[in-house]
2 protein chains.
Amino acid sequence: MNTNSSYLPLTSKDIAKAAKVSQATVSRVLSGNTNVQPETRERVLAVIREMKYRPNGMARAMRTNRTGNIGVVVSRLANPLYPEMLQILGQELTEAGLRMVVWNTDETDEGAAASAVRESLVDGVIMTTATSLSTPLYEAVMMNAPVVLIHRVVEGWPCDQVSSDNTQGAISVADYVVKAGRKRIGLIEGAPLASTIRDRQSAFRSRLTELGRPLDPSLVIRVDSFSHKTGFDAASYLLDLAQPPDVMFCVNDVIALGARDAARARGVDVPGQLWLIGYDDIEMAAWPAFDLTTVRQPLKRMAHEAVALLRDRVSGASLDHSTVCLPTELVIRGSTAGHRMDR
Amino acid sequence: MNTNSSYLPLTSKDIAKAAKVSQATVSRVLSGNTNVQPETRERVLAVIREMKYRPNGMARAMRTNRTGNIGVVVSRLANPLYPEMLQILGQELTEAGLRMVVWNTDETDEGAAASAVRESLVDGVIMTTATSLSTPLYEAVMMNAPVVLIHRVVEGWPCDQVSSDNTQGAISVADYVVKAGRKRIGLIEGAPLASTIRDRQSAFRSRLTELGRPLDPSLVIRVDSFSHKTGFDAASYLLDLAQPPDVMFCVNDVIALGARDAARARGVDVPGQLWLIGYDDIEMAAWPAFDLTTVRQPLKRMAHEAVALLRDRVSGASLDHSTVCLPTELVIRGSTAGHRMDR
DNA sequence: GCTTGTCGTGAAATCGTATTCATAATAACT
DNA sequence: AGTTATTATGAATACGATTTCACGACAAGC
């Protein structure tokens, strides 16, 4: 009943037979840890090479209870930030000999990932999408599944968490625009579900208040999703006000790129008439078409940290749950006319 | 020796005991195919629900010789085309109940993916990166591993292949610029390794020759990688010529976006002084900042087709190898001044 | 009323590896 | 020289499901 030509049904038993050793010895040679007579090892390796044998990963996985697969959950691949994260996470995982299985939730549910851990299909999960509403994820965490939150974090959850300091990032933006003497400060914000968004906009608000320049509510608009289009529309609305803002802070870069295009479409000069500031420093922010001042997250360090934590967690070193928060950096570009902070 | 608190070490045997049935029956209930008395099934399901049992995926995988994991190999996540492909492929795979494990090769080797199939860690691989130089991949294909090529294909390889008609796409561009009376036709091309690139540029060349307007070699420049920066540099070079082109065809959109920015940086008006045409129709091509005329690949259909073929292949229906080639569409936008094709 | 089928179930075999246990051979001590 | 470690290996077991095999109970057909 087996399908015509499975393309290499060799097992370690076949190798054992061909090398005139026991199957156990083949396994020992493969894992390398255990003692095997050098000449025996050579003989076995020769046969393996010759017969082009590859061990069956699933059998190994079942026996060792480790697949080598790590799940990564992102919310929207259409936001270039996430491909950038995937690229970096992929690198880190590959270096650690792990594979990356990707779930793109489009802001719906992370249930699939949670299930996969519970079914031992992945050893652990790196989650960029967590919010306090992530129920299945929360359950997985409570069951002590190996989960690490990165980028978006959720205070109080008993798991490892890696973020960058969104509060500090937003404060540096607030300080910057006030110091530069901007008068009409606009904000394009989002639903405060994700910690990233929430921290950014609330820190921005309160810092401005501290500085004696509280936000004018009429210059604040909230988008219900994060895309070029929503940014475009929101910025269009603000620009069409009788008294439009002279600077806009956007809670992330995609929104800011949309805003930049809205300005372009209306012939509004940036930075002449309008300053524009984003958040994340995605690659495109640096392109001449946008030349966007923004706040950079240390993605590489975050990814490195997250993978390290997850590996510890998977290997069962049941340390306490770490919470890592890394510093950000204000990157000043042409969309704010080079009024650099003193430093 | 087991780590303190594995987070749910339940097996079907535990369920069997609790439901007072044999382990085999639990399995039967789970798989659903086989006959089980309705009341027995209910009892078992109740226990499963109550104890929050999840079957061990690896054990199942080993027994059924199917993991439910599909590998997807992309060459450069930094090219927005690939995240778009991943998003669509991810959708298709999820609908089919499969998981997507992603390898980003950065144009190096696909060896990891090839290994993974051979080790049964993934059921099959969807490859976007194939070139005739992909040795480990070629070996996997020759061993009859379930591999389908998408986007980039390699003539003569015995495996399923799904592409769009790059030749026709490039011809439509050639026709378009000639008909519009463009005089100095520039081309930013790449190394002709990938079928996509090769077909596009060779078809473009030969069609222009056919039309009696062969390419002027001094207006052709070859980039050695595909990024915004290389596009920017190449276009800068062409624009700085004493007699710059009045239209540039770029072999892909990322290059074209870089070229657009080069024009912007030099104050060259698009489409006034320069027409610009890309290839792929990535999402950003439609943004006002670029507004790029380009050729659209039917990604959704391609992905659908690829997943369908791979599933057939995995399930062992050893049909012949299919070669699917879908039509493309010239999308005219502001970078070419709305001189629309007659239709 | 006897044979034949179908259905529901449990016991047992199986998947391919890693690992434990046992053993023979060799090395290392008194 | 006799006892004790140590090393190299094979035989056997375990991992947790799916699947085959066997069997009893009951329905259907003659």
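Predicted model, so just to flag it, every value in this text is computed and none were measured.
- Atom P of nucleotide D:dC15 and atom CG of A:Leu121 are separated by 19 Å, given to the nearest angstrom.
- Residues passing the salt bridge (Lys or Arg N to Asp or Glu O under 4.0 Å) test with B:Lys300 are B:Glu92, sequence neighbours excluded.
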5' to 3', nucleotides 12-24 of chain C under a 4.0 Å protein heavy-atom cut-off (B base, S sugar-phosphate only, - none) gives -BBBBBBBB----
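- Residue A:Thr40 has no polar side-chain atom (N or O) positioned under 4.0 Å from OP1 or OP2 of D:dA8.
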- Evaluate side-chain contact (heavy atoms from CB on, under 4.5 Å) for A:Arg41 paired with A:Val44, printing each intermediate quantity in order. CA-CA 5 Å; A:Arg41 147 169 282 115; A:Val44 172; 5.9 Å; no
May I have the step-by-step check of side-chain hydrogen bond (donor to acceptor under 3.5 Å, both in side chains) for B:Thr323 and B:Gln161, ending in yes or no? CA-CA 5 Å; B:Thr323 303; B:Gln161 313 204 9; 5.6 Å; no
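- Checking D:dG10, C:dG10, D:dT9 against every side-chain atom of B:Ser22, the shortest atom distance belongs to C:dG10.
- Every residue two or more places apart in sequence or in another chain was checked for a side chain to side chain donor-acceptor pair (under 3.5 Å) with B:Asn56, and none qualifies.
- Straight-line distance from the CG atom of B:Asn65 to the P atom of D:dA17: 18 Å, rounded to whole Å.
- Five base pairs at each end of the helix from C:dG1-D:dC30 to C:dT30-D:dA1 define two local axes, and these are offset by 40° (rounded to 10°).
- Atom-to-atom, CZ of A:Arg43 to C1' of D:dT9 comes out at 11 Å; the value is rounded to the nearest Å.
- Between the P atom of D:dT9 and the CD atom of A:Gln37 lies a distance of 5 Å, rounded to the nearest Å.
- Every residue two or more places apart in sequence or in another chain was checked for a side chain to side chain donor-acceptor pair (under 3.5 Å) with B:Thr196, and none qualifies.
- Between A:Trp157 and A:Tyr138, the ring planes are tilted. Angles from 30° to 60° get that label.
- Counting only heavy atoms from C-beta outward, the side chains of A:Leu81 and A:His151 approach each other to under 4.5 Å.
- Applying the side chain to side chain donor-acceptor pair (under 3.5 Å) criterion to B:Thr128, with sequence neighbours excluded, gives no partner residue.
- In this structure, the CE atom of B:Met58 is 18 Å from the C1' atom of D:dA14, given to the nearest Å.
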